[in-house]
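Quick note: residue numbers are just sequence positions, from 1. Atoms within a ligand are numbered from 1 in the order they appear, just like the ligands themselves. Note: hydrogens, waters and symmetry copies are ignored here, and every other heavy atom, side chains too, is used.
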Amino acid sequence: MKNMIHYCSQTSTFSLHNCKVSYIMEVIEETYLIHRYWGKRLSSYHFSNRPILKKRTFAAAPDNEKLEVSPEFLPFELPVAHQGDFRNPAVQIEHKNSERITRFHYQRYEIINKAIDLDDLPHARDTEELAQTLIIYLFDPIAQIELALSYTIFENSPVIVRSTKVNNQSEKSIKLTKLFSASVDTSYDDQLVTTFYGTHQKEYQLNRSAIQHGLFKIGSSRGASGPQYPPYLALSKEATENKGDVHAMTLIYSGNHEVLLERDQYNHLRLQIGLNSETFSWQLNPGDSFQSPQALLSHSDQGFNGCSQSFHHFFADHLIPPIWKNQVRPLLINSWEMTYYDVNETLIKQLIDAADELGFETVVLDDGWYSQRNSSKTSLGDWVIDHEKFPKGIQPLVAYAKKKNIGFGLWFEPEMVSPETTLIQQHPEWVMRSSNYQPLLGRSQYVLDLTNREVQRFIIDTVSQAIDTLDVSYIKWDMNRHMTDPFSQLHSFEASEYSHRYILGLYRIMNELTTTYPNVLFENCSSGGGRLDPGMLYYFPQTWISDNTDGKDRQQIQYGASYLFPISAMTGHVSDVPNHQTNRTISFETRAALASSTNMGYEMNITDLSPKKKEIIRDHLQEYKEERKLITQGNFYRLLSPFSSNYCAWMFTDKGMEQAIVYVFRNQYEVYELSLLIKIPFLKEDCLYKDSVTEQVYSGSELANCGLALENSKDDFIVHKIKLVQIEKEL
Ligand code: GLA
C-alpha cells in the first residue's frame, strides 16, 4: 500500500489507512480539526457517525448565526485552552502579559514518505517498512504561533504515532504551560478503562474499572515514569484477552507523564497522554520550537492479546536498538542476592568457575565493587574499584571469564551521588537541589543534576572508561530513588522546565553511550521496574522488571508488564528460597518457569551446590538455551489471568504457529478440583499438535475449544509446562 494517507479537498477530510487500522479527521468551518474515527480499518468513510449538533444554552459559538457549532461539544484532534471547549485542553500557552487565550485555526498540511526522527527524544524508528507521516498545521494569526500535529502510519502495524510541536513564530516570548502528545475525543459507550498501578516489588498491577463522569487521571511527578502509574491506558467494552475491540495508548517517554480520561456531561470521552502539565512549562523565545514526546495509539479487534502483540511487534521493529532485535541475550548469573555488597575477588572468581561449569554465559558483578561500598549509604559517584575487595582490580577477572567464553557485566547507578563522597566534595554544585533547602535523601543518596552538561560528560566518561578499560560486555544501569528537589544550581532556566530537561540530559547520555558501544548490552533497572517505559526501551533493550523474584508475585508482575512490553524487553532471575522479598518458599520448577518466560538469569549462590542441584540447573539452562529464541522472539499470548484467578497461564509460539510452549501456574491447591483444564486458543485450528512429553496428539481446534486436562497434584504453587509441536499441516 503506497499511499496510506489521503486528503480529500472536497470533504476536507484526512484519512490514514493501512490493512489494519483507519484514522480519520475532518476540517470543519475551514477552522477546526475534528476527530472522526480511530479503529479497525474501514473500506471507506462517509461521515456516518458525524454527530448532529444542536444549540445549547451556555455553549459559546464563534459564529452567532450557527450556534450549534460550539467548541463545547466538538470532538477535537488537539483541544486548545480558552477556545470555548471547557474540557481538559491539550495545549495551553501563556503570553508575556500572563494572558492565556489563543485561537488556532486549521492552516495547511504536508505528507512525508517516512517516519520522522526526533533529535533529542526517543522515537519510532524509520525502517525498511513503508511509513508515511502526515503533518497538520494549526495557526494562531494573532499570536503568530503554529502547532504541528504529526501522525505516522506504518504499512503493517496497527500502531499510529502521534506528537505535537509548537513553533513560536512571533517576536515575543511565550510560555507553554501544557502540551499533550495526543488527545482523542470519542463517545462513551459503556467502556471500561484499563491502567496499571504498582510499587517497588509489585509493579504492573492491573486496574480495570467503569468510567465515571469527570476526570480520571494517572501519571508521575517523580522525575521518572515510576512503577506507580506507568504511561498506559486502554478502553474496551466487552473485550477479553482474546476477543473484542481495544484502544490503547502509551508514551515514548521516561519522565513525568500524565494520562487522562474525561467523561463529560454529553457523554463524550476524551483520552489524553503526554507530559505532566503540573510539573511542566517551557519558555519559547521568538523562533523557538518545542517538540512533545511521541504517543503510540494501538487498536485491536482481537482483545487485549491482540493489542499487546501490536505493541510487542512495534517495539521490536521500531523501538529497541535494531542490533538487539534478533539477538538472543546472554544467560547470566548476577551476584546481588548471593552476597549483596559483600563481593570480592575470590568470590567472583568462584562465580565464574561455577558459571562455566553450569553453562551460564555472563557473570554480572552487581553493587558493592567500588570505593568501600558496603551499604546503600556510601560511595555512589566515586566509581573507583575497591582495592580491598579486588586487590588486582577487576580487569583480570574479566579476562579470566573471557578465557572461558563468559561475558562480564558491571552494575552502575550513574545518576546518583552519596553524601560524603569525593565527588560531592569536589562538585557540590552538581547535586540536584534548590538554593534554600537541604535536599531530601532517598535510599541515602542524592540525584545528580543531569541538566548540567558537565555532569552528563562525567557520566559518559565514567561509564565509557569502565567499558574501555575493563572490556565488559554488559552494564546494569540502575536508578534507585525519585526526585524531590528538581532544581539546577546553574539557574539557567525556569524551575518548571527542570524535570523535562533532566530526561533530555539522560537521553543524551544514553544515546552517546549506546551508539559508541552498540555491542554492549545495557540493562535498564530502577529498583526493578521503576522506570520501565517505551522511552528507556529505545536505548536499553531489556529491563530488570522487578526486584521481587517470588514465584507468586512474579506471575502478576510479568503478566501485567506483558500488556505493553514484549518478552525480549523483560529479564527474570531464578533466586533462592525462602524468597528474600516475601519469605515464601516456592518450588524450583515454578521459579524456573517464571524466569524462563523472560530473558533468563540466576541470582543466588551457585558456588556451593550439591551435585544433584548442579545437574538440575545445568539441565534447566540447557533447556532454556534451546527454547529461548522461541520465547523471546516469537509471539506471546496470555491465557489465564493471575489477577482474577488462582491460575496464571501464557503461551509462546513461533511466528508460524508450528511450536508452542505453554506454562500453567496453579497457586493454591483446592481439593474439589479433580484436574486442571486449560483452553489453548490461537493455534492453527486445522492442524495437529503433538505434546512432546506425553506424545499425545491433539488438534488445534480441540485445544482451543475442549481444552487440555492436566493433573492437579497436591501442593501449592505448581506449574505445568506443555510443549506442542505441529506434526502435520491439514487434518
Ligand atoms: C536495586 C536493584 C537490585 C540491585 C540493587 C543494588 O535495588 O534493583 O537489583 O542491583 O539495586 O544496590
Side chain to side chain contact (heavy atoms under 4.5 Å, CB included) with W477: of E523, E413, E415, only one passes, and it is E415
Give a yes or no answer on whether the side chain of S371 reaches the backbone of D382 with a donor-acceptor pair at less than 3.5 Å.
yes
Hey, does the side chain of K552 reach the backbone of R584 with a donor-acceptor pair shorter than 3.5 angstrom?
no
Atoms in ligand 1 with a heavy atom of G528 nearer than 4.0 Å
8 (O)
For atom 4 (C) of ligand 1, what's the nearest protein heavy-atom neighbour? Residue, atom name and distance, please.
D366 OD1, 3.4 Å
Against heavy atoms of C525, which atoms of ligand 1 measure under 4.0 Å?
2 (C), 8 (O)
Whether R443 lies under 4.0 Å from ligand 1, heavy atom
yes
Kindly check if the number of other-residue, nucleotide or ligand heavy atoms within 6.0 Å of NZ (K377) is above 12?
no
Within the structure, does W336 bring an N/O atom to less than 3.5 angstrom of an N/O atom in ligand 1?
no
How does E413 reach ligand 1, by side chain, by backbone, by both or by neither, if only non-hydrogen atoms under 4.0 Å count?
neither
Under a 4.0 Å heavy-atom limit, does N334 contact ligand 1 with its side chain, its backbone, both, or neither?
neither
Residue and atom name of the nearest protein heavy atom (relative to atom 8 (O) of ligand 1), distance in Å to one decimal:
D547 OD1, 2.5 Å
Per atom 11 (O) of ligand 1, closest listed option by heavy atom (D478, I545, L380)
D478
Among R628, K721, H620, find the one that has a side chain to side chain contact (heavy atoms under 4.5 Å, CB included) with S596.
H620
May I ask you to decide if the ring planes of F652 and F636 are parallel, tilted or perpendicular, using 30° and 60° as cut-offs?
tilted
Using side chain to side chain contact (heavy atoms under 4.5 Å, CB included) as the criterion, point out the one residue from S488, P439, P486 that pairs with R433.
P439
Of all the atoms in ligand 1, which lie at a distance below 4.0 Å from a heavy atom belonging to D367?
6 (C), 12 (O)
So, N519 side chain and S473 main chain: donor-acceptor pair closer than 3.5 Å or not?
no
K476 heavy atom under 4.0 Å from ligand 1
yes
